[in-house]
Every structure is written in C-alpha cells, then in structure tokens.
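Order of the sequence lines fixes the chain letters, A, B, ..., with proteins taken first and strands second; residue numbering starts at 1 for each chain.
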2 protein chains.
Amino acid sequence: MTRQAVLEAARSRFSQDGYAAATIRKIAADAGVDASLVIQFYGSKDALFAAAMSLSPTALTHLSQAFDGPPPTLGERVTNAFLDLWEGESQVSEPLLAMLRAAISNDQGAATLREFIQTRLLEQLSPKLPDGHDAAARAGFAAAMLIGIVVGRGIVKVPVLVGTDRESVIRLVAPAIQAVLVGV
Amino acid sequence: MTRQAVLEAARSRFSQDGYAAATIRKIAADAGVDASLVIQFYGSKDALFAAAMSLSPTALTHLSQAFDGPPPTLGERVTNAFLDLWEGESQVSEPLLAMLRAAISNDQGAATLREFIQTRLLEQLSPKLPDGHDAAARAGFAAAMLIGIVVGRGIVKVPVLVGTDRESVIRLVAPAIQAVLVGV
DNA sequence: CCAATAACTCAACACCCGATGAGTTAAAAA
DNA sequence: TTTTTAACTCATCGGGTGTTGAGTTATTGG
C-alpha cells in the first residue's frame, strides 16, 4: 500500500528532520511518489503531520502496567518502560520523537505534546501513585526528567549519554525517579 | 547602538520561534531596521544565530560554584543554580533556550548544544563530584534531567509543570538530583 | 470488453526565504 | 568645508515551499 509507505516516510522524516525541514517533496521522494499525491492523500502538510504523530492506543499499556506492582521497585519499572517507549520499535518511537522535535519548532507540535503528556500520560498514571495531592506534579516531573534523558540520547546525542549502556542508565536514573515518584 | 538592538531581537526571536521560523525579515522588523542591514552586520543567518547563542563566560560561574560546598545539599544547590541559569535573566536564558530549540531543528544547533554540554558543563563540573570513574555520566544525566524540566516548563509549557512554584520544584526534584550526583 | 473510479504524474502558481549590489543618507576626519 | 567612512534603504535575484488543477495511467466492477 502506497498510502502506508507515504506515512512511514513522513514519520521517519518528521522524527529525524523536524517539522520545517521535513518537506513534502522529500517525503514523497522517500516513498517513491510525486509530491502532489501526498497532498491528495492527506490534504495538507499539517494533516499529514497529525497522522504521522498518531500512535496506537496499545502503545501506552506497557508504560501503564509499569505503574502497577510493588512500590519499592516503581522507579526501576517506570524508567525501563519509558526507555522502551521512546527508544524501542520505530513504529512507536518515531511518532514520539517527531512529537518532541515538532514541539520545539512548531506551535501545533507543542500543543500536541502538551496534550499528550497531560491527558495520555499524567491523567492516567498519576492516580496510580501513592499519596494524594501532588501526585500529578510528581508524575509530571518524573516524565519531564525522563524525556530530558531521551532528548539527550536520541536528539542532541551527547556522547556521555549515548555511550552509557541501558543497564547503567537504569542503575543511575531509577533511584532518582523513585525519589520523585514516591518521595524519600 | 543599532547593532545591539539587532542582536537582542535575534535572541528573542530565535529563543521563541526556533531557528527556521525566526526569519531575518522578522528580526529586522523587530529592531526597526531593513533586513539587508542585518546581513551586512552579521554576514549570514547562521553567523547571526551563532552570535545570538554566545553567552558571557561569567554566566556559568554561578553554576560552577554550586558544585562546591557540603555534599549533603549538593542536589539542592545544583537544582537551584540550574533553574537560575535557564529561567533567570533573559540575557543568559534566551541564548540557552535558543540553543535548545535550535538543537532540535538545526543540525548546527545540535552540535553547538552538544559541545556546550560536553565541554562547558561536564568537563568543568564532573571533576568536582566525589568518587571517580562514572562522574561524567552522573553529571551528564543530572544535566539531562534538569534540562528536561526546563523544556517542560519553558518550551512545551505542560500546565502541571508551569503551575508548580519554584520552592515545590526544589522539594520534588532536588533529592532526585542528589541521588544521581552522589549515589544513594 | 468497456466504463467508472481510484492512483498517480506533470507543470505551474503564488509566496516567502536568504542573500546581493547599487544607491542614499548621516556622521566623523581631514 | 570637503572627503572619507560607516550606517542604512531599496529593488531584485535565484531558489525552495505548500498547494492546485488538469491530464495520464492503472485497477476494478458490470
């Protein structure tokens, strides 16, 4: 299906080049197709971008499950699940990376990411935390910190972050996330 | 000095709109000047961007000093100094925000931010940490996590992060940074 | 086999971009 | 005052962008 090839090319370009630099012509060329067809399929660049950023609802179940289970190892499970989400299979991570990149250069992208974090992450996850009133803030800051790590590894590619293997990342970061999520 | 007005307009535009959306014409209009003059002053858009991102060497001394002092309160001091740096006076924070925004849309921006984090932050700060071999990694992940918070508050503007006052941010985050920097 | 519908290409439009070069005004130096 | 130098504007170039509409090829259904 050509339509799917266009969508995959768009995902890849948006996640690697950002919204502005990912031109319709390049996406079309990647899919081996004329630029006009892309517009005919998706209507506009904005609509194509929105389609490229949409991800399957099941992608978040893994993360959600990490919040269930024994509190003492919550930080480790959440950190693991988060890295799986953003650094795992391209079908899930590319929309998320595209969202991140777009959130910085594109106003619509910022709104999309804001809405994703607010309603898809925080509102579903924070009720699972122990204690009450600042659970949303705790979940929000933990998510922000983990996204910071993802940005440093996957986008800015800071050598010392990229060169640290997954196991060591967990060892360094999980206790900190634990501290944010459930307190001292 | 008109030259300074152009530079300040550039800083503001780059930090708010990102590299691509901050056009020479808009910057010139902000400074009340013709677009051609901007090019004549700075040579090219890239050169203007580089000039807008350069910050005074004294800006980092505050952060560096936070690494000195008693280890038990290291996390709190570093978190405070970091937020001062990125959310303080515009002359310092705007180049940093511009760097962040550009790092995602512009390849040169990513290289600049990478170099800034690697040589201006990590190489100067990690020697001040206790213990030896993974000090650079600890400092790097702490910086990434704090930058994640800055992105969430200043760029994506997630409501729950923006709505948390400085004092509560320190209370939630400082212990986590402490954990990353000096271990459990 | 033929008609209808979808998939796809081609050429072009209007727009905005960064950059150039020549010309004009203002300030400083002689 | 005259000359030199800097500050600044104007019109324009070439190139890339998203989008459009007409035309062409392929695929499907009766």
Its contact letters, B for base, S for sugar-phosphate only and - for none at protein heavy atoms under 4.0 Å, make nucleotides 10-19 of chain C read B-B----BBB
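By the salt bridge (charged side-chain N to carboxylate O under 4.0 Å, His left out) test, R153(B) is found to be paired with E87(B), residues two or more places apart in sequence or in another chain being considered. In this structure, the side chain to side chain contact (heavy atoms under 4.5 Å, CB included) partners of P70(A), at least two apart in sequence or on a different chain, are P72(A), T73(A), R77(A). Remark: F67(B) pairs with no residue by the ring pair (Phe, Tyr, Trp, His ring centres under 6.0 Å) rule, at least two apart or across chains. By the side-chain hydrogen bond (donor to acceptor under 3.5 Å, both in side chains) test, D30(A) is found to be paired with R13(A), residues two or more places apart in sequence or in another chain being considered. Applying the side chain to side chain contact (heavy atoms under 4.5 Å, CB included) rule to A21(A) yields the partners D17(A); only residues at least two apart in sequence or on another chain are considered.
Listed by first and then second residue, the side chain to side chain donor-acceptor pair (under 3.5 Å) pairs involving residues 59-72 of chain B are S64(B)-K128(B), D68(B)-K128(B) (not counting sequence neighbours).
Atom CD in Q40(A) sits about 13 Å away from atom P in dT19(D), given to the nearest Å. As a whole-Å value, the separation of M1(B) CE from dA6(D) P is 13 Å.
OP1 or OP2 of dA7(C) lies within a sub-4.0 Å distance of a side-chain N or O belonging to R3(A).
Ring geometry for Y19(A) against F14(A) counts as parallel: the plane angle stays under 30°, on a 0 to 90° scale with 60° as the upper cut.
Recorded end-axis angle for the helix from dC1(C)-dG30(D) to dA30(C)-dT1(D) stands at 0°, based on five pairs per end and rounded to 10 degrees.
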For residues 116-125 of chain B, please give each side-chain donor-acceptor pair under 3.5 Å, one per line with the distance, not counting sequence neighbours.
unit_1	atom_1	unit_2	atom_2	d
T119(B)	OG1	E115(B)	O	3.0
T119(B)	OG1	E115(B)	OE2	3.2

